[in-house]
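Scroll down for the structure; my scribbles are underneath it.
Note that this is a predicted model, so its numbers are computed, not measured. These values consider heavy atoms only, across backbone and side chains, with no hydrogens, waters or symmetry-generated copies. Order of the sequence lines fixes the chain letters, A, B, ..., with proteins taken first and strands second; residue numbering starts at 1 for each chain.
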There are 2 protein chains.
Amino acid sequence: MPHHILKDHDHNQCISSALRSAEDICLQRGIKLTQIRRQVLEIIWQGHQPSTAYDILDCLSQQQNKKVAPPTVYRALDFLLDNGLIHRLESMNAYIGCDAPTTPHQSCFLICSHCRSVAELHDMPIYAALAEEVRQEGFKAKGIMIEVKGVCADCVEQGQSA
Amino acid sequence: MPHHILKDHDHNQCISSALRSAEDICLQRGIKLTQIRRQVLEIIWQGHQPSTAYDILDCLSQQQNKKVAPPTVYRALDFLLDNGLIHRLESMNAYIGCDAPTTPHQSCFLICSHCRSVAELHDMPIYAALAEEVRQEGFKAKGIMIEVKGVCADCVEQGQSA
DNA sequence: TATAGTAGGTTACTATATAACATTTTGTGA
DNA sequence: TCACAAAATGTTATATAGTAACCTACTATA
């Protein structure tokens with residue numbers, strides 16, 4: 001786990017706050033954060049590293065002490081994605097908890113190839129500019145994905161370069 | 001196939017010019033555009049729609065009149081990717097010919113969810129801005145992926161909206 | 001309490017990609 | 001021109017990612 005995650009925040013609190021937030025949202029919207037959905041969300045929040053569907057599957061199977069099948073996980077993921085509680089990282093087929101599920105936003109992900117941590121940047125100025133450039137092409141954008149691979153500040157600091 | 005692709009250019013010429021360009025590049029760099037690599041590149045250039053690895057596999061098998069195995073295709077794809085002759089669309093696990101293989105560039109892809117065409121925009125001003133914002137986070141970027149899903153100009157013109 | 005809608009279970013399958021090792025081809029120097 | 005190393009391809013098996021289809025169970029409310 002990257003250094004700043006140990007250093008800068010209490011990750012247990014981070015998880016529980018994410019779960020509380022999800023509960024609030026579901027309550028507000030009249031949708032249900034069922035046991036499975038909650039478990040999947042919690043598993044995803046275990047790290048700031050992204051989880052693959054099959055990581056989650058294994059973890060869930062362990063927790064339930066019986067084999068869980070893929071559709072169970074994918075349904076939960078679909079629910080969480082649809083409701084903006086998690087994001088999908090297209091370039092790595094993996095899922096990560098959303099920082100700010102209560103407010104709609106555009107995200108840019110910084111993916112560290114050394115420690116695998118992922119940082120989410122919100123509503124960067126360039127989004128508007130990009131949307132405008134795309135609009136000028138006559139293209140009607142529905143979704144913009146920006147993912148940056150590289151080395152995070154902590155890893156750079158520790159002399160990593162890959 | 002989207003309207004403008006039929007209307008705006010001779011696609012056969014488009015393919016042959018891509019192949020010629022690839023040959024030049026390989027010659028220059030002292031790398032080899034073997035039969036298989038050439039075939040794969042040609043298959044990818046068949047359309048401005050992206051091809052999946054298994055589309056290519058099937059097509060190659062047909063051309064060779066015998067079953068070709070996945071590694072054959074993936075190796076060719078790796079070669080073409082490494083040498084900037086094609087791009088990978090992360091959000092759809094598919095491959096598309098590069099517009100400008102001779103010059104290094106950053107690309108942004110506009111993916112039409114109606115006609116499946118993909119347009120490649122180069123070195124948009126926002127790239128520099130994005131790179132700078134990312135740098136300010138202390139993040140050392142190695143690769144930036146920008147993919148936009150939506151509806152292309154032609155499809156919008158024809159009243160499509162999905 | 002019938003019943004429609006939602007969620008989850010189960011089986012089987014499709015799609016995407018890679019590991020590991022064998023064989024063939026190609027380029028190079030003796 | 002032969003030997004040999006490197007590069008490319010062939011082959012088999014397997015890993016990883018995601019979905020279809022159908023069934024069962026729960027749950028909310030008319």
Side-chain angles (χ1 to χ4, degrees), chain A residues 22-23 26-27 29-44 49-83 85-96 116 145 147, chain B residues 22-23 26-27 29-44 49-83 85-96 116 145 147:
Chain A
E23 277 156 12
C26 290
L27 206 59
R29 298 187 193 163
I31 52 179
K32 278 170 283 187
L33 191 64
T34 61
Q35 170 68 10
I36 288 178
R37 290 167 179 172
R38 202 190 140 86
Q39 270 179 287
V40 168
L41 184 58
E42 189 169 6
I43 289 166
I44 288 173
Q49 279 118 329
S51 313
T52 69
Y54 280 70
D55 288 344
I56 296 165
L57 188 60
D58 289 345
C59 195
L60 196 59
S61 293
Q62 261 205 316
Q63 287 183 15
Q64 303 217 351
N65 213 15
K66 64 172 178 176
K67 272 259 185 224
V68 169
T72 299
V73 169
Y74 282 104
R75 284 173 190 142
L77 289 172
D78 285 344
F79 172 87
L80 297 170
L81 285 169
D82 286 348
N83 291 289
L85 298 170
I86 61 173
H87 294 291
R88 179 170 203 277
L89 297 169
E90 302 293 341
S91 66
M92 51 193 312
N93 301 332
Y95 304 84
I96 191 154
R116 317 242 99 211
M145 286 158 285
E147 297 178 18
Chain B
E23 276 157 13
C26 289
L27 205 60
R29 298 188 193 161
I31 53 180
K32 277 169 287 187
L33 190 66
T34 62
Q35 169 69 11
I36 287 178
R37 291 166 179 174
R38 201 189 141 86
Q39 270 179 287
V40 168
L41 184 60
E42 188 169 6
I43 289 167
I44 288 173
Q49 278 117 329
S51 312
T52 70
Y54 280 72
D55 286 345
I56 296 164
L57 187 61
D58 289 346
C59 196
L60 197 58
S61 293
Q62 260 207 316
Q63 286 182 17
Q64 304 217 350
N65 213 16
K66 65 172 177 177
K67 271 255 184 229
V68 168
T72 299
V73 169
Y74 282 104
R75 284 172 189 143
L77 289 172
D78 286 344
F79 172 87
L80 297 170
L81 285 169
D82 286 348
N83 291 289
L85 298 170
I86 61 172
H87 296 291
R88 180 171 204 276
L89 297 168
E90 301 292 344
S91 66
M92 51 194 310
N93 300 331
Y95 305 84
I96 191 155
R116 320 241 96 212
M145 182 213 83
E147 295 180 16

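- If you measure from atom OH of B/Tyr95 to atom C1' of C/dT16, you get 8 Å, rounded to the nearest angstrom.
- Tested against B/Tyr95, the residues B/Asp55, B/Leu89, B/Ile43, B/Ile44 include a single side chain to side chain contact (heavy atoms under 4.5 Å, CB included) partner, B/Ile44.
- With rounding to whole Å, A/Gln35 atom CD is found 16 Å from D/dA25 atom C1'.
- Here C/dT16 presents its P atom at 7 Å from CG of B/Asp55, a figure rounded to the nearest Å.
- Of the possible polar contacts, none joining the A/Thr52 side chain to the A/Ala94 backbone as a donor-acceptor pair under 3.5 Å is found.
- Each of A/Ala76 and A/Ala69 has a nearest nucleotide on DNA chain C; the 5'-most of these lies closest to A/Ala76.
- Put simply, CG on A/Leu60 is 15 Å from C1' on C/dT10, counting in whole angstrom units.
- For B/Gln64, the CD atom counts as densely surrounded, since its 6.0 Å shell holds more than 12 non-hydrogen atoms of other residues, nucleotides or ligands.
- Comparing A/Ala94 and B/Ile31 against DNA chain D, the residue whose closest nucleotide sits nearer the 5' end is B/Ile31.
- The side chain to side chain contact (heavy atoms under 4.5 Å, CB included) check on B/Glu42 picks up B/Ile15, B/Leu19, B/Gln46, with sequence neighbours excluded.
- Per the geometry, CG belonging to B/Leu80 stands 15 Å off C1' belonging to D/dT9, to the nearest Å.
- When the side-chain nitrogen and oxygen atoms of B/Thr72 are compared with OP1 and OP2 of D/dG10, one or more of them lie within a distance under 4.0 Å.
- The interatomic distance linking A/Lys67 (NZ) with C/dA12 (C1') rounds to 15 Å, in whole Å.
- In this entry the distance linking NZ of A/Lys66 with P of C/dT11 reads 12 Å, nearest Å.
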For nucleotides 19-24 of chain D, which of its nitrogen or oxygen atoms have a protein nitrogen or oxygen under 3.5 Å away, and what is each distance?
residue: D/dA21; atom: N6; partner: A/Arg75; partner atom: NH2; Å: 3.4

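- B/Leu57 has its CG atom 15 Å from the P atom of D/dT9, to the nearest Å.
- Judged by closest nucleotide on DNA chain D, B/Thr34 is the one of B/Thr34 and B/Asn93 placed further toward the 5' end.
- Applying the Watson-Crick and G-U wobble criteria (two distances, each under 3.5 Å), C/dC21 pairs with D/dG10.
- Minimum interatomic distance between B/Val68 and B/Leu57 (heavy atoms only, all atoms of both residues): O-CD1, 3.2 Å.
- If you take CG on A/Leu41 and CD1 on A/Ile36, they are separated by 13.5 Å, rounding to the nearest 0.5 Å.
- When side chains are defined from C-beta on, B/Glu90 does not count as touching A/Glu147, because their heavy atoms never get closer than 4.5 Å.
- Considering only side-chain N and O atoms, A/Thr52 lies under 4.0 angstrom from the phosphate OP1 or OP2 of D/dA17.
- When each of C/dG9, D/dT9, C/dT11 is scored by its nearest atom to the side-chain atoms of A/Ile36, the top-ranked nucleotide is C/dG9.
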